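This report refers to the structure that appears directly beneath it.
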Amino acid sequence: MTTLSNPGTPSNQSNPNSTPVIRIDNARLVENDRPVTVTVANNVVAAVTPADDRTGRANHPDLPVPDEIVDADGRWIIPGLWDGHTHFTQWSATFGRLDLLAATSASEAMAMLRDYLDTRRRSPEGLNSNAFVVGMRFRHSLWSDSEQPTLAAIDAVSGDQPVALSSADMHCGWVNSAAARKLGVHVGESGLVGELEWFDAYCRLDDANGAEQLRLIRAAERDAAGKGVVGICDYEMADTIGQWTARFAVGLDLLRVRAGIYPERIEQAVADGWRGGAEIPGSHGLAHATTLKLISDGSLNTRSAYCSQPYSNIMPETHGVLSYSPEQIEHYMTVAKDNGFDVACHAIGDAANAVVLDAFASTGARGAIEHAQQLRPDDVKRFVELGLTASVQPQHAVDDRDVVSRYWAGMDAIPFPYRTLHDAGVPLRFGSDAPVAVLDPWVAMAAAVYRTDNDRDAYQPEQRLDARTALASSTFGHGIAPQAGAPADLVLLDRNPLAADSAATLRSTPVAATMCASRWTHLTL
């Protein structure tokens, strides 16, 4: 094997617009273990050919002379993996923020916050008394009624230090009085900030392109590359175009990015000349503004997803809420369609999914429904009729199984209907909704195949998917094997994921190397 370039640097090249010719010998396909040689040239897969049985390397004089020859040593090769739904700034923040996912009660969360504040105060950097302390991923929907968030509890622990905690699904916040004053939000006795007000407040917690945040973005990119990820759909509630322009300018370029634009920004973006698919400046073809990201309803954990039947164990009775009227949803979809953007529309409750499907049908917009967590059987068929993708996050089904039992008990619609969608012919696109779940496609695949991540029985085993479908749902339409003409995004694996015999085995699939746009972004060979 030849000596390889450092991760993130095109081999033998200093010009980012110039790419090397790389030949990967002695690789194997996951579906049949067939040995192949894969040649990359001009930033695409130039050829996938049978390996010579005698040497393990094919001689193809019609292909360019390689700048680099890599011996895969029998490792398995697949297309690069994608995360189809992230909030990347918020995900990167988890590399340096308080994570409350393990808290099983409000008092436990406050004990974790107290320890975190004490540790920060004792650190060499200290704790800026005017800066926000931000925590992530508390799950109060699973806490007992006597252990719910209160303003008094968080004030008692934090004092005058502004503290803002985001729920696991990011649809509400728990803030202390100091943070409420600084953010200008209203809080009652619970200390909770509702989803629409929280969406706006969260975006003002810090500078997404500040030096510390850029350090965390770099760490998050490297972590993703180490898992075989070559691209993300970034649906951060912010100026994603401006953010990624600044990030590429300082060399944060290990991932392809499909940037989403929210309704409040889409018309200004169009007025500024942006059209769907336009390249983000300085990204050298890696990043594009592609998508209108629209949120039609709330979430399950905050009991605000819009459902046709009332929630169980909730008084007064509620069906959840729509975030926009059907007319507004149609308006924004029309703006997107007329300007070349696809649509990624969040819809969780079955009633919200029906409204969104109606909007796709009436506007002719194209794209995906994000989450699709609860569907009526007749609406599954409409995905196929409208040519829509179901962009789903399989780990949510595992994480929320007890929340479904608590708040969606007895509802007629199908929760997390992945097998139902697949059997109907609906294309699936896997993601994480990071930081709601971890940005790790192997975790998502394991959740889809096994529907559990511990010793519990599979949740809704009839909705399990096979490993081949799970892998194909993680490569953004590029299947499970490299194909000539596909982007030069490849992953070498030390173990065949289709042969995994448990969720733990699939989750821990070892990635030996990741190539994104002809560059090695992760390398352990």
Side-chain angles (χ1 to χ4, degrees), residues 84-85 169-171 195-196 199 233 235 237 258 260-266 276 290-309 311 318-339 341-393 396-397 408 411-418 420-422 424-431 433 436:
H85 187 130
D169 61 7
M170 300 186 297
H171 278 252
E195 56 192 350
L196 295 181
F199 291 159
C233 297
Y235 298 144
M237 297 176 186
R258 291 173 58 89
I261 304 172
Y262 278 76
E264 293 72 19
R265 298 177 183 269
I266 189 70
T290 58
T291 309
L292 165 68
K293 174 57 167 61
L294 182 63
I295 296 177
S296 75
D297 69 337
S299 72
L300 166 59
N301 280 273
T302 52
R303 283 82 77 193
S304 54
Y306 187 48
C307 303
S308 61
Q309 294 173 275
Y311 283 72
T318 180
H319 289 250
V321 294
L322 281 177
S323 302
Y324 296 94
S325 70
E327 293 76 19
Q328 288 174 310
I329 293 171
E330 289 187 12
H331 166 73
Y332 288 122
M333 283 192 180
T334 299
V335 172
K337 173 178 175 281
D338 289 349
N339 292 281
F341 292 93
D342 61 14
V343 175
C345 192
H346 162 124
I348 290 182
D350 65 321
N353 275 278
V355 168
V356 170
L357 287 164
D358 287 343
F360 273 112
S362 64
T363 62
R366 288 286 178 255
I369 291 185
E370 301 293 326
H371 312 306
Q373 285 187 7
Q374 187 192 60
L375 293 172
R376 303 171 214 166
D378 286 346
D379 282 339
V380 172
K381 301 173 187 175
R382 297 183 68 196
F383 275 78
V384 179
E385 295 165 359
L386 294 169
L388 298 176
T389 294
S391 177
V392 299
Q393 299 75 42
H396 291 0
W408 281 357
M411 290 195 184
D412 296 332
I414 309 168
F416 301 101
Y418 304 150
T420 299
L421 285 160
H422 174 67
V426 180
L428 298 177
R429 180 187 303 157
F430 283 1
D433 201 7
V436 180

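Quick caveat: nothing in here was measured; it's all calculated off a predicted structure. This chain uses plain numbering: 1 for the first residue, then up along the sequence.
In this structure, Leu292 and Val335 have side chains that are not in contact, with every pair of non-hydrogen atoms separated by 4.5 Å or more. Between Ile348 and Gln374 there is no side-chain heavy-atom pair separated by less than 4.5 Å. The closest side-chain heavy-atom distance from Leu375 to Ile414 is not below 4.5 Å. Proximity of Leu388 to Leu357: side-chain heavy atoms (C-beta onward) are separated by under 4.5 Å at one or more points. Side-chain contact between Thr420 and Pro377 is absent, with no heavy-atom pair separated by less than 4.5 Å. Counting heavy atoms from C-beta outward, Glu370 and Gln393 have side chains that approach closer than 4.5 Å. Between Asp350 and Asp379 the shortest side-chain heavy-atom distance does not fall below 4.5 Å. For the pair Asn353/Arg382, no side-chain contact is recorded, criterion being any heavy-atom separation below 4.5 Å from C-beta on.
Partner of Asp342 under the salt bridge (Lys or Arg N to Asp or Glu O under 4.0 Å) criterion, chosen from Arg258, Lys337, Arg366: Arg258.
Using modelled atom types, no side-chain atom of Asp297 and backbone atom of Gly320 make a donor-acceptor pair closer than 3.5 Å. A donor-acceptor pair is defined here as one N or O able to donate and one able to accept, closer than 3.5 Å; no such pair exists between the side chain of Arg265 and the backbone of Pro263. Formation of a donor-acceptor pair under 3.5 Å by the Thr291 side chain with backbone atoms of Val343 is not found in this model. A side-chain donor-acceptor contact under 3.5 Å links His346 to the backbone of Gly298. Using a distance-only test at 3.5 Å, with no hydrogens or angles considered, no donor-acceptor pair links the side chain of His319 to the main chain of Tyr306. Looking only at distances, a side-chain donor or acceptor of Tyr262 sits under 3.5 Å from a matching main-chain atom of Tyr235.
A search for salt bridge (Lys or Arg N to Asp or Glu O under 4.0 Å) contacts involving Asp378 returns Lys381, not counting sequence neighbours.
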Derivation and outcome, side chain to side chain contact (heavy atoms under 4.5 Å, CB included), residues Asp169 and Leu300: CA-CA 9 Å; Asp169 61 7; Leu300 166 59; over 6 Å; no
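The aromatic rings of Phe430 and Tyr418 sit tilted, their planes meeting at an angle between 30° and 60°. Between Tyr311 and Trp408, the ring-plane angle classifies as tilted under the 30° and 60° cut-offs.
Under the 3.5 Å distance criterion, with hydrogens and angles disregarded, no donor-acceptor pair is assigned to the side chains of Glu330 and Thr363.
Gly84 approaches Ser391 most closely through the heavy-atom pair O-OG, 3.8 Å. Ile295 approaches Phe199 most closely through the heavy-atom pair CD1-CE1, 4.0 Å. Shortest non-hydrogen contact noted between Gly349 and Cys307 is CA-SG, 4.0 Å.
For Phe360, the CZ atom counts as densely surrounded, since its 6.0 Å shell holds more than 12 non-hydrogen atoms of other residues, nucleotides or ligands.
Going from atom SG of Cys345 over to atom OH of Tyr332 covers 12.5 Å, rounded to the nearest 0.5 Å. Note that CG of Leu196 and NE2 of His171 are 9.5 Å apart. Values are rounded to the nearest 0.5 Å. With rounding to the nearest 0.5 angstrom, the OG atom of Ser323 is 10.0 Å from the CD atom of Gln328.
Taking the six-membered ring where the residue is Trp, the centroids of His85 and His396 are separated by 6.0 Å or more.
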